[in-house]
Amino acid sequence: MPTNDSRTLHLSIDSLNMRIVGVILATLLAQQASAQLADVDWWKTTTFYQVYPRSFKDSNANGIGDLEGITLKLDHFVDIGIGGVWLSPVFKSPMKDFGYDVSDFREIDPIFGTMADFEELAQGCKDRGLKLVLDFVPNHSSDEHVWFNKSIAREDPYTDYYTWRDPKGINETSGEPIPPNNWLSVFGGSAWEYNEEREQFYLHQFVAGQPDLNYRNPLVVTEMEDILRFWMDKGADGFRLDAIPHLMEDQTFPDEPPSNDPEFTPDQWGSLSHIYTADLPELYPIIYGFRKVVDEKQEELGRQMVMMVEAYTSLENTMKYYGEGDVKGAHFPFNFEFITNVNNETTASELKEIIDRWQNALPSGAWSNWVIGNHDRTRVASRFGRDFSIAAITMGQLLPGTAITYNGEEINMEDTWISWADTVDPQGCQAGPEFYEKFSRDPVRTPYQWDDSVYAGFTIPDSEKPWLPVNGNYEELNLAAQKQEENSPYAIYKKLTAMRKDMNAVKSGQLGTSTVGENIFVFTRYLQSADEKSVLVVVNLAENEVNADLTGVPTLRSGAMITYHVGVNSSYTAGQELSPSSVNVPARGSLVFLYTNAASTTVLASLLLVFSVILSLLH
Ligand code: NOJ
């Protein structure tokens, strides 16, 4: 019979054993949970790569890129580690806004190829495990769309497919009809165009060749939802939704008040405050409806789809695109913070604030994303300079959420100066020779620089001249050259996309942001599990090298050593271990380190196991 004392000892040994078993089970469960990360939805962990089809690769020597060209280059996407290809519009179009004016939403424009070319591209993507995302342009069609022609003729049910208004009167001097109100087009000038045949004005928030569809008409909504279904059946894995804040307008058509922004002349869009033509509350349910269609098709086809929204608007409005309560909206609205809020004057603390503000604004359960550039905005290398552009790309790849790259960013392509004579972008043309450089988007859309051959390998030497000039720097700045260099932007980009694929810290680690001194912004993506590496990113906002002591970074375990992984102009070599107490961060550069956040749980679990065995033996 055991004594009371020994019974107490047995009981406490038993409860200790139970606790140890509990710890071991918890450790095993934690390991199991991280193994499941491989199943996280593809659109969350991948990088989307925006292809501007006219400028990517020309397969038929007419100076304009096409679908077959993209198919020829599919291995490039695999090589640089991206998982989703997002194509700017390839649908039938008179090209007044280079494809964003669609005259048949179900056809491929002959300039880009045929439906068979599209199917070949979709199959090529599938074979390589790549997802294919299309640009969906719901706000407007082309003025050459059959719906518009029938609408002009008041042929039902098309009569109200667009927004038509009577003239406000007739100008006594010119005898011209007066537009219904003062609304302006995003591209400048009145947003109203008079149609002689219908004797009414129609609304166009972009060029006159892009009449706005009328989303107050349920038939229009149904038509557009059917188009989404059509392309998912054809193999699309989702959509980027274009110009969404412009979807609806105030139905009383009042004048908009001036913005009083001295930067804009009275006929420029920025001169008005767009309280009646943008961000109307009625538009969000339309987007939620699109999501429902996408989800239904996803169910039917057994393929996970994605829906991303383009909306330049306030943070508060942006967040509404995620949905409301149980009603789902976009998988994510684009996060344009790096385009609209970060600039060359941004300080370390401002950068931290911008990033924290976005992350904190996310509704519960919402997935983040980071857009670095696109076909509408100055290229990142021209916005931030050749070094800080890579720092921006590094942040975009390693901050929590989906990463979005515009073609050419992976080799740090720059804007190309385009003369007024060569300007073709409607936004540039409409601004006139005096202002076109401020507005034209041609500089960011020039041909991709594949190699140092004539036309940078975009097309063949005796082809027609490319539709936009190739950047003069192509002989040194091109993909083929960067493949030979160890620390080229291309090499850095590949290392970053590999981290997104391989590291759980990047897929699901917590985010910690901090600043060190005036110029250093730091963020960590850390895991509590110590068997896996956490990530430390150090960004220098100053024009000079800074020696930083990172030991105070709150999410860096005290005593942890850091291992250099990748960076810009770094004095460290990959794999080099150093103390965080003295880190040289190059001017306008970024450095990425790996570190272990806590003592290894495997070691801990093994120790506990040994301890428990000893205790049982004693027992
Ligand atoms: C946004 C697109 O990104 C831009 O290129 C286009 O001109 C407008 N929407 C109009 O569709």
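Both counts, for ligands and for their atoms, begin at 1 and track the order of listing. This one's a predicted model, so the numbers in the text were calculated from it and none came from an experiment.
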For [X], atoms of ligand 1 separated by under 4.0 Å from a heavy atom:
X	result
His140	10 (C), 11 (O)
Arg441	4 (C), 5 (O), 6 (C), 7 (O)
Glu310	1 (C), 3 (O)
Phe187	7 (O)
Arg445	5 (O)

Assess [X] against [Y]: is NZ or CZ under 6.0 Å from the centre of the six-membered ring, and within 45 degrees of the ring's axis?
X	Y	value
Lys168	Trp192	no
Lys92	Phe118	no
Arg198	Tyr162	no

Taking atom 7 (O) of ligand 1 as the reference point, the nearest protein heavy atom with its distance: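 Its nearest protein heavy-atom neighbour is Asp97 OD2, 2.5 Å.
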
Protein heavy-atom partner closest to atom 8 (C) of ligand 1 - residue, atom, separation in Å: Phe206 CE2, 3.8 Å

Geometric class of the Trp231/Phe91 ring pair [parallel <30°, tilted 30-60°, perpendicular >60°]: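 Taking Trp231 first and then Phe91, their aromatic rings sit tilted (interplane angle of 30° to 60°).
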
Whether Phe336 and Tyr312 hold their rings parallel, tilted or perpendicular, with breakpoints at 30° and 60°: parallel

His375 and ligand 1 - part of the residue with a heavy-atom distance under 4.0 Å: side chain

Arg240 and ligand 1 - part of the residue with a heavy-atom distance under 4.0 Å: side chain

Nearest candidate to atom 3 (O) of ligand 1, where distance is taken over non-hydrogen atoms, out of Asp376, Val186, Val137: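 Comparing heavy atoms across Asp376, Val186, Val137, the nearest one to atom 3 (O) of ligand 1 lies in Asp376.
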
Selection from Asp242, Asp425, Val102 by shortest heavy-atom distance to atom 9 (N) of ligand 1: Asp242

Glu316 CD: over 12 foreign heavy atoms closer than 6.0 Å: no

Polar contact flag, side-chain donor to acceptor under 3.5 angstrom, Asp97-Gln210: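 Indeed, the side chains of Asp97 and Gln210 share at least one donor-acceptor pair under 3.5 Å.
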
Test item: side-chain donor near acceptor, His375 and Gln50, under 3.5 Å: yes

Ligand 1 contact by Gln50, heavy-atom criterion under 4.0 angstrom: no

Contact with ligand 1 for Phe98, non-hydrogen, under 4.0 angstrom: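 In this structure, Phe98 fails to qualify as a contact of ligand 1 - no heavy atom is under 4.0 Å.
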
Pair Phe206-His246, ring pair (Phe, Tyr, Trp, His ring centres under 6.0 Å): steps then yes or no: CA-CA 10 Å; Phe206 295 89; His246 305 276; 5.1 Å; yes

